[in-house]
Amino acid sequence: MKEIFLESHNLKNPFSGFGQFNLHLIRGLSQNDLSHLNITLHAKDTGVLQKEYGSTFIYKKYKSLTRHKPFRIKKKYDLWHCLNQNIKVEPFYNIPYLLTVHDIHFITEGSDGLQQKLRAQFNKKLQRATAITYISEFAKKDTHKHFEVPNVPEFVIYNGNTITDVSVPENFAPKKTPSAPFLFSIGDFSERKNFISLVEMLRHLPHHQLVLAGNNQSVYADTLRNLVETYQLTNRVILPGKIGDDEKKYYLKNCEAFLFPSLREGFGIPPIEAMRFGKPVFLSNNTSLPEIGGAQSFYWDHYDPEYMATIFKEGMETYFAHQTEYEEWYIARAKSFNWKTTAKQYLDVYNTILQ
């Protein structure tokens, strides 16, 4: 029986991108045949995991001290899977090591000193990797563009869609409910997510409201709120903050369209979630988003507000003229991103390394 360690302590932040990846990958693994493997989950709250998965996995409690070299985990696993490029917890011994790369946003974000530190940390991970998985072709291409990647097996494995059940509890409504046709987006409020461009665009769409959900406690969020006040849009821009699954599904089900003007994405799960509801999706025409959005999504090449509004209006006209066709295509595409299939592909990589 082979022993595999999943460095999955980002489960402690279940609403973050990495937390969602860990959560759904583990759930997908549990739906596959694991009879030939002992897989250890590394988490702060192992009780919650054990309650859900029972004897399917082995559980090891995360302790922050293990981030420091003298206190690293010393068990010689047959394979260590580092679930994202930012993890500081590493194995004590030189054992087979699978690295999953989501993105390398750190090369452009933060101070020069922080960028250099993270570059060095990431380069060490690359050099110790036995194999590397990427969540998109763009993530692979971008990594090769900026780093010397070792000559090891590489795989691109797409994330699954986190929403499989589109039902919303009867009579459910979020605390902040729009009163007019509305557009929806979700994500952390940061420059990379580019939400301010949507506020600028809204000035040219007088009949719509805009719901922007996510962690809105940041300098960027403060700038956005000030802009909303300056443009006198406080009655049209709704900021619910972090939202739960039912709230997200409500907004996705009832919005007129989903907007995602991100400047840089390693993958981009929210557009796929919107597709599951058959909603028209408007995306930035950059990084991984065309790869994920496909031929039937609508794209912005730049962020001039009037231009963005024009693309939106023209896209909605196209969508409504062929609504049934678009809805069926979106739903089918969303279903093609499946976490059980994703997990099976990771298991195939595990077996390739172990053999």
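Excluded from the calculations below are hydrogen atoms, water molecules and symmetry mates; all remaining heavy atoms, backbone and side chain alike, are included.
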Looking only at heavy atoms, what is the nearest atom pair of [X] and [Y], with distance?
{"X": "E265", "Y": "F138", "result": "O-CD2, 3.5 Å"}
{"X": "G28", "Y": "N32", "result": "O-ND2, 2.8 Å"}
{"X": "T342", "Y": "N159", "result": "OG1-C, 3.7 Å"}
{"X": "G266", "Y": "A139", "result": "O-CB, 4.4 Å"}
{"X": "G268", "Y": "I292", "result": "O-CG2, 3.9 Å"}
{"X": "V89", "Y": "R67", "result": "CG2-CG, 3.7 Å"}

Spell out, yes or no, whether [X] and [Y] are grouped together once hydrophobic residues are joined by side-chain heavy atoms under 4.5 Å, including indirect joins.
{"X": "L263", "Y": "L212", "result": "yes"}
{"X": "I269", "Y": "F277", "result": "no"}
{"X": "Y299", "Y": "F184", "result": "yes"}
{"X": "V211", "Y": "F172", "result": "yes"}
{"X": "I58", "Y": "V48", "result": "no"}

Step by step, would you call I135 with T100 a side chain to side chain contact (heavy atoms under 4.5 Å, CB included)? CA-CA 8 Å; I135 64 171; T100 293; 4.3 Å; yes
So do the side chains of [X] and [Y] get within less than 4.5 Å of each other, counting heavy atoms only?
{"X": "H144", "Y": "E154", "answer": "yes"}
{"X": "P169", "Y": "D246", "answer": "yes"}
{"X": "I95", "Y": "L79", "answer": "no"}
{"X": "T46", "Y": "L41", "answer": "no"}
{"X": "Y77", "Y": "T40", "answer": "yes"}
{"X": "F122", "Y": "N86", "answer": "no"}
{"X": "Q209", "Y": "P181", "answer": "no"}
{"X": "L183", "Y": "L198", "answer": "no"}

Is the count of non-hydrogen atoms from other residues, nucleotides or ligands lying under 6.0 Å from [X] atom [atom1] greater than 12?
{"X": "E191", "atom1": "CD", "value": "no"}
{"X": "Q127", "atom1": "CD", "value": "yes"}
{"X": "K63", "atom1": "NZ", "value": "no"}
{"X": "N235", "atom1": "CG", "value": "no"}

Separation between [atom1] of [X] and [atom2] of [Y], rounded to the nearest 0.5 Å:
{"X": "Y319", "Y": "M316", "atom1": "OH", "atom2": "CE", "answer": "7.0 Å"}
{"X": "M1", "Y": "I39", "atom1": "CE", "atom2": "CD1", "answer": "10.5 Å"}
{"X": "Q115", "Y": "I107", "atom1": "CD", "atom2": "CD1", "answer": "8.0 Å"}
{"X": "L126", "Y": "E148", "atom1": "CG", "atom2": "CD", "answer": "10.0 Å"}
{"X": "D45", "Y": "H9", "atom1": "CG", "atom2": "NE2", "answer": "14.0 Å"}
{"X": "L118", "Y": "N123", "atom1": "CG", "atom2": "CG", "answer": "12.5 Å"}

H81 pairs by ring pair (Phe, Tyr, Trp, His ring centres under 6.0 Å) with which of F21, Y350, F5? Y350
Give a yes/no verdict on a cation-pi contact between [X] and [Y], requiring under 6.0 Å between NZ or CZ and the six-membered ring centre and an angle within 45° of the axis.
{"X": "K74", "Y": "F92", "result": "yes"}
{"X": "K76", "Y": "Y93", "result": "yes"}
{"X": "R119", "Y": "F106", "result": "no"}

Sequence neighbours left out, what passes salt bridge (Lys or Arg N to Asp or Glu O under 4.0 Å) with R236? Give chain and number order. none
With no hydrogens and no angle check, is any side-chain donor or acceptor of T66 less than 3.5 Å from a backbone partner on Y62? no
Would you check if the side chain of S8 reaches a backbone N or O of L6 as a donor-acceptor pair within less than 3.5 Å? yes
Where do K2 and H36 land on the side chain to side chain contact (heavy atoms under 4.5 Å, CB included) test, with the steps shown first? CA-CA 7 Å; K2 297 293 186 179; H36 61 301; over 6 Å; no
Under a 4.0 Å N-O cut-off, is there an ion pair linking [X] with [Y]?
{"X": "R225", "Y": "D222", "result": "yes"}
{"X": "E109", "Y": "R264", "result": "no"}
{"X": "E3", "Y": "K75", "result": "yes"}
{"X": "K249", "Y": "D245", "result": "no"}

Taking the ring centre of each residue, are [X] and [Y] less than 6.0 Å apart?
{"X": "F189", "Y": "Y220", "result": "no"}
{"X": "F282", "Y": "F258", "result": "no"}
{"X": "F312", "Y": "Y307", "result": "no"}
{"X": "F155", "Y": "Y134", "result": "no"}

Side chains of [Y] and [X]: any donor to acceptor distance under 3.5 Å?
{"X": "E7", "Y": "H42", "result": "yes"}
{"X": "E200", "Y": "Y231", "result": "yes"}
{"X": "H208", "Y": "E256", "result": "yes"}
{"X": "D188", "Y": "S190", "result": "no"}
{"X": "Y330", "Y": "Q296", "result": "no"}
{"X": "D301", "Y": "N285", "result": "yes"}
{"X": "Y97", "Y": "K125", "result": "yes"}
{"X": "Y303", "Y": "S284", "result": "yes"}

Check against side chain to side chain contact (heavy atoms under 4.5 Å, CB included), V349 and L98: CA-CA 9 Å; V349 173; L98 173 63; 4.0 Å; yes
Holding to side chain to side chain contact (heavy atoms under 4.5 Å, CB included), I want the full list of residues that pass it with N161, two or more places apart in sequence or in another chain. I163, I272, E273, R276, A334, F337
Residues passing the side-chain hydrogen bond (donor to acceptor under 3.5 Å, both in side chains) test with N151, sequence neighbours excluded, are none
Determine whether V149 and T143 satisfy the following criterion, side chain to side chain contact (heavy atoms under 4.5 Å, CB included), listing intermediate values before the conclusion. CA-CA 8 Å; V149 179; T143 301; 3.9 Å; yes
Could you tell me how the ring of F267 sits relative to the ring of Y158: parallel (under 30°), tilted (30 to 60°) or perpendicular (over 60°)? tilted
May I ask you to decide if the ring planes of F57 and Y59 are parallel, tilted or perpendicular, using 30° and 60° as cut-offs? perpendicular
